[in-house]
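What follows is a single structure, written as structure tokens, with notes after it.
Each chain gets a letter, A, B and so on, in the order its sequence line appears, and its residues count up from 1. All values reported here derive from a predicted model rather than from experimental measurement.
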2 protein chains.
Amino acid sequence: MATPQAQSSPRAPRNNRATAVHLRLRKEIVSGLFPQGSALAEPTLAEHFHTSRAPVREALIALEREGLVTFEKTGRTRVRTIAAKDLREIMEARAALESMAARLANWNWTTADTDFVAKNIEQQTKAGSFAELSRLDMDLHHYVVTCSGNLRLLQLWEPLRWQYEAYLVEIFKRRSADYYRPETETVLAHRKLLQVLSSGTPAEAAQVMMDHVLFNMSWAD
Amino acid sequence: MATPQAQSSPRAPRNNRATAVHLRLRKEIVSGLFPQGSALAEPTLAEHFHTSRAPVREALIALEREGLVTFEKTGRTRVRTIAAKDLREIMEARAALESMAARLANWNWTTADTDFVAKNIEQQTKAGSFAELSRLDMDLHHYVVTCSGNLRLLQLWEPLRWQYEAYLVEIFKRRSADYYRPETETVLAHRKLLQVLSSGTPAEAAQVMMDHVLFNMSWAD
DNA sequence: GCGTTTTAAAGTGTCGACACTTCTTAGGCC
DNA sequence: GGCCTAAGAAGTGTCGACACTTTAAAACGC
């Protein structure tokens, strides 16, 4: 079955403060609490998380490899700014990974998978805000990548997700009210996607996902 | 031009002992000095690299995110074992990324790029060993990914490269002498690849690369 | 001799310390 | 006032220390 489950080395995260700080700090960056470009000093963060510098340092290293923070030549750490040029890179990489994921997910798609995705799309039609629609959108894409059964695909994809979400929050800050994602087009694209995932060929699923992700690049910049 | 160069945030690596240990330890793992599954104790490594535990710890975190080492639930660190199931995941992910890279590299391919790849293929025909052919092969694929101009594609691809090379070293240990990669087929596939990269359409380049990488999966297991 | 329990060795998680570097700000000079 | 300089503050890189946990070995009983 394609239903989400680990297939290879299950990557058990260490159960220490470093991973806790990692997850909390990531959430705070992606949610926009730390604006892009702001400095992340280890002593300050250590105090913020009521711990010492060591766990903070480890978390920063992980976040750097996720592309959410950058180390400057001087050693200082900043929240990475994700510009339009970066968005292009992100979406191209997403298209590559998710297209393959759709191909694999199609291979043994189940009716349970169809139910999950259909329910998600149904919720999209009722979404009241840009943020909610985006959350449902990412949930859906995450589900497909998970359904690929390829854990490495998922691990490569996740950093792109965080970077994309960080980008969305930033443009949402700027255009706030007068900005709306074209809901109907999104829903239509997802319906098409579900159709090929459940009853199309693997090649069709890959192609539809590729076009869908690359098309999303155009309205998000 | 598609010639290798940084396009987005240039990811300046920190100039500290942690990165030095990271690079050295990665080389030693990929070269097979530390066999798969062997324990990596921080104090031992610290002594090995003539430093303290802190830089070693940072390096291990980076290597874990590259998929070369794993952290057990008890906290111990081991060199990750890459089995046939993992190879499948690796090659599927490689196919996804490299296919997109070929598509982008084709977009503004130059004669200089053709020269580089042609020279590489020429060397492949003269390769005297499995190891040398594999090195040339990875150099070629690395070049194409770099030519995509998408730095994120490259950063996602690199860990797959290390994992793949670690796998190759392991199977080479076992089958040592009586194992040879089908050289002529590899060279022919690469000639076809060069042809579509230089004078085919982006879609053709993507398709040829996809087939080439996925086909490689079959002989390497 | 074999299995169980106790004890020592080894390893990780976290912390504070300190040297060195980088940034900031206050002071002096014109 | 504007610019350069020089303390001072803040931050990073690295280390050793120590508590706690896990592993390994030795001791013990049978």
Side-chain angles (χ1 to χ4, degrees), chain A residues 9-29 33-81, chain B residues 9-29 33-81:
Chain A
S9 359
R11 178 107 130 79
R14 273 169 153 164
N15 187 21
N16 53 22
R17 295 190 201 183
T19 59
V21 171
H22 176 197
L23 298 181
R24 286 185 56 190
L25 185 51
R26 177 166 68 199
K27 187 179 292 185
E28 294 182 356
I29 290 176
L33 182 60
F34 292 94
Q36 301 197 4
S38 64
L40 295 176
E42 291 174 11
T44 309
L45 291 174
E47 195 178 9
H48 179 56
F49 292 114
H50 302 91
T51 180
S52 75
R53 278 180 55 210
V56 169
R57 229 180 130 76
E58 297 186 12
L60 288 177
I61 292 172
L63 287 170
E64 192 269 346
R65 297 197 83 80
E66 280 179 359
L68 287 180
V69 310
T70 54
F71 297 142
E72 304 179 342
K73 292 155 296 279
T74 63
R76 305 300 163 95
T77 309
R78 311 194 88 91
V79 178
R80 187 170 180 180
T81 60
Chain B
S9 357
R11 177 107 132 78
R14 273 169 152 166
N15 187 23
N16 54 22
R17 295 191 200 182
T19 60
V21 171
H22 176 197
L23 297 181
R24 287 184 57 190
L25 186 51
R26 177 166 69 199
K27 186 179 293 184
E28 294 181 357
I29 291 176
L33 181 61
F34 292 94
Q36 300 196 5
S38 63
L40 295 176
E42 291 173 11
T44 308
L45 291 175
E47 196 178 7
H48 179 57
F49 291 114
H50 303 93
T51 180
S52 75
R53 277 180 55 209
V56 169
R57 225 179 135 77
E58 297 187 12
L60 287 177
I61 293 172
L63 286 170
E64 193 268 346
R65 298 196 83 80
E66 281 179 358
L68 288 181
V69 309
T70 55
F71 297 140
E72 304 179 342
K73 292 156 296 276
T74 62
R76 306 298 163 96
T77 309
R78 311 192 89 92
V79 178
R80 186 170 180 182
T81 60

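Rounded to whole Å, the distance from CZ on B:Phe71 to P on D:dT22 is 17 Å.
Ionic pairing of B:Arg65 and A:Glu66 is present here: one or more N-O contacts between side-chain nitrogen and carboxylate oxygen are shorter than 4.0 angstrom.
Nucleic acid contact for B:Leu45: none, since no nucleic acid atom lies under 4.0 Å from a heavy atom of the residue. A:Thr74 comes within 4.0 angstrom of the backbone, heavy atoms only, and of no base. Among the atoms of the strands shown, only primed sugar atoms or phosphate atoms (P, OP1, OP2) are found under 4.0 Å from some heavy atom of A:Leu40. Here A:Arg53 lies in heavy-atom contact (under 4.0 Å) with a base. Across all strands, A:Arg17 comes closer than 4.0 Å only to sugar-phosphate atoms, never to a base (heavy-atom distances).
On the nucleic acid side, DNA chain C has its first and last nucleotide under 4.0 Å of a heavy atom of chain B at C:dG11 to C:dT14, going 5' to 3'.
The two residues A:Ala18 and A:Glu58 come nearest to each other via the heavy atoms CB-OE1, 3.2 Å.
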Worked verdict on A:Thr77 versus A:Glu72 for side-chain contact (heavy atoms from CB on, under 4.5 Å): CA-CA 6 Å; A:Thr77 309; A:Glu72 304 179 342; over 6 Å; no

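For the pair B:Leu68 and B:Arg80, the minimum side-chain heavy-atom distance is 4.5 Å or more.
Residues forming a side-chain contact (heavy atoms from CB on, under 4.5 Å) with A:Glu47 (at least two apart in sequence, or on another chain): none.
Nearest-nucleotide assignment on DNA chain C puts the 5′-proximal partner with A:Arg14, out of A:Arg14 and A:Arg76. Residue order along DNA chain C, read from the 5' end via each residue's closest nucleotide, puts B:Gly75 first among B:Gly75 and A:Glu72.
A side chain to side chain contact (heavy atoms under 4.5 Å, CB included) with A:Leu63 is found for exactly one of A:Leu25, A:Leu40, A:Val79, A:Thr70, namely A:Leu25.
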